[in-house]
Amino acid sequence: MMQPRSTRHKRPICRIIVAAASLFFSSATSTLAGQSADDSASPNRIRIQEEIWVLPLPLPMFAYLVRPVGDGPFPLAIMNHGVALDPIDRSFFPLVEFRDAARWFAERGYLVAAPVGSGYGATAIDIPERGIYGSFFSKIGRCANPNFRDAGLAVAKVDLWIIDYFAAEKQVLPSDVIVIGQSAGGWASIALSSLNPPQVKAIIAFAAGRGGRVDGKPNNNCAPDKLVAATADFGRTSRTPMLWIYTANDTFFSPALSKRMHTAFSAGGGRAQYQLIAPFGAEGHFLIGSPDAIPIWSPIVSRFLDAQNEDGSERKR
């Protein structure tokens, strides 16, 4: 695996970005400070802070960080976002996505890193006829012969870079990592599980998959049989505990398709709990992006993570 270069010159870069980002999050910081008055009503609440970092990875990228106040080290949670295939859409991709969900994990003690993938924002510019090429690397190719596997593994590699970077910076507990992903980010999380990185103790995938809503049409999937086959391939080597969460009104990956994926994954030996949630809003695919959905999925995620912590404690005895 390609390793990040020496961290000797990295900290000043990150600190400059954090300082500049403090203006962006000034209102958020005031809100969080105001929450301290409620500590008596919620004695277990952890105060958190929000930052924007530049991660000096082999492919440098911005990341939204939210973490408990203090020096750490903390357990690490990486959040992988979905994909936008159109360069114009990618150019308008938000710098902070899933903020409420990320804060939920941070309030439970995690340092949450939500990277903005390479090829998004300003780096989405792609004008080949003028010799300008974007750095987007997560395409699956044509539906006639899609490459689902490598598209997932490409983002999984970024997750491994992020784990190594924060471990080298002494910011996180290197053996206490979880990964959360949505849509294509969830698919990358499934791909990561097939590598069984020893640092990762659990993975949570929301609405995971690739090739959904081709041409913008609901339940019109790109080569669904090949997606199931790729899922089965990951399941043959995956042994990392996983939680898969889908909704009944997901028009990118219907319950019928997600259940096929889970069956194929489990048949190969993959360890994934499958949870189908009742319809949410107009489009269940974006469940994790809504603050209103946190009371729905958070008890499921809490039980899953608690079970992994209990299993880890038993193994240490």
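- The two residues R236 and A229 have their closest heavy-atom pair at NH2-O, 4.5 Å.
- Judged by distance alone, with hydrogens and angles left aside, the side-chain atoms of W161 form no donor-acceptor pair with the main-chain N or O of L59 at under 3.5 Å.
- Closest approach of V214 to G211, counting heavy atoms only: CG2-O, 3.7 Å.
- Linking Ile, Leu, Val, Met, Phe, Trp and Tyr residues whenever their side-chain heavy atoms come within less than 4.5 Å leaves L173 and V112 in two separate clusters.
- Under the 3.5 Å distance criterion, with hydrogens and angles disregarded, no donor-acceptor pair is assigned to the side chains of Y274 and T263.
- Heavy atoms from other residues, nucleotides or ligands lying under 6.0 Å from CG of D71 number 12 at most.
- For the side-chain contact (heavy atoms from CB on, under 4.5 Å) with I78, the qualifying choice from I180, L160, D159 is D159, the only one to do so.
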Pair W53-F166, ring pair (Phe, Tyr, Trp, His ring centres under 6.0 Å): steps then yes or no: CA-CA 12 Å; W53 283 42; F166 279 108; 5.8 Å; yes
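- Partners of N220 by side-chain hydrogen bond (donor to acceptor under 3.5 Å, both in side chains), not counting sequence neighbours: none found.
- For the residue pair I140 and C222, the shortest heavy atom distance occurs at CD1-SG, 4.2 Å.
- Residue G268 comes nearest to R239 through the heavy atom pair O-NH2, 3.5 Å, listed as atom of the first residue, atom of the second, then distance.
- Nearest heavy atom pair, residue F98 against residue G289, reads CD2-CA, 3.8 Å.
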Worked check of side-chain contact (heavy atoms from CB on, under 4.5 Å) between R67 and Q49: CA-CA 6 Å; R67 62 184 178 87; Q49 62 189 58; 2.7 Å; yes
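- T240 and V200 get closest at one heavy-atom pair: CG2-O, 3.9 Å.
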Before you tell me yes or no, could you show the steps for I204 and L305 under side-chain contact (heavy atoms from CB on, under 4.5 Å), namely the whole-Å CA-CA distance, both residues' side-chain angles and the distance that decides it to 0.1 Å? CA-CA 9 Å; I204 304 164; L305 292 177; 4.2 Å; yes
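- A parallel orientation is assigned to the rings of F105 and W297, their planes being inclined by less than 30° (bins at 30° and 60°).
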Carefully, step by step, assess Y246 and F252 under the rule ring pair (Phe, Tyr, Trp, His ring centres under 6.0 Å). CA-CA 10 Å; Y246 291 87; F252 288 74; over 10 Å; no
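- Under the rule for a salt bridge (Lys or Arg N to Asp or Glu O under 4.0 Å), the partners of R213 that lie at least two apart in sequence or sit in another chain are E283.
- The backbone N or O of A184 sits nowhere less than 3.5 Å from a side-chain atom of N80 that would complete a donor-acceptor pair.
- Checked by atom type, the side-chain pair Q275/Q273 shows no donor-acceptor distance below 3.5 Å.
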Would R260 and D225 count as a side-chain contact (heavy atoms from CB on, under 4.5 Å) here? Give the steps. CA-CA 9 Å; R260 286 182 61 199; D225 291 343; 2.9 Å; yes
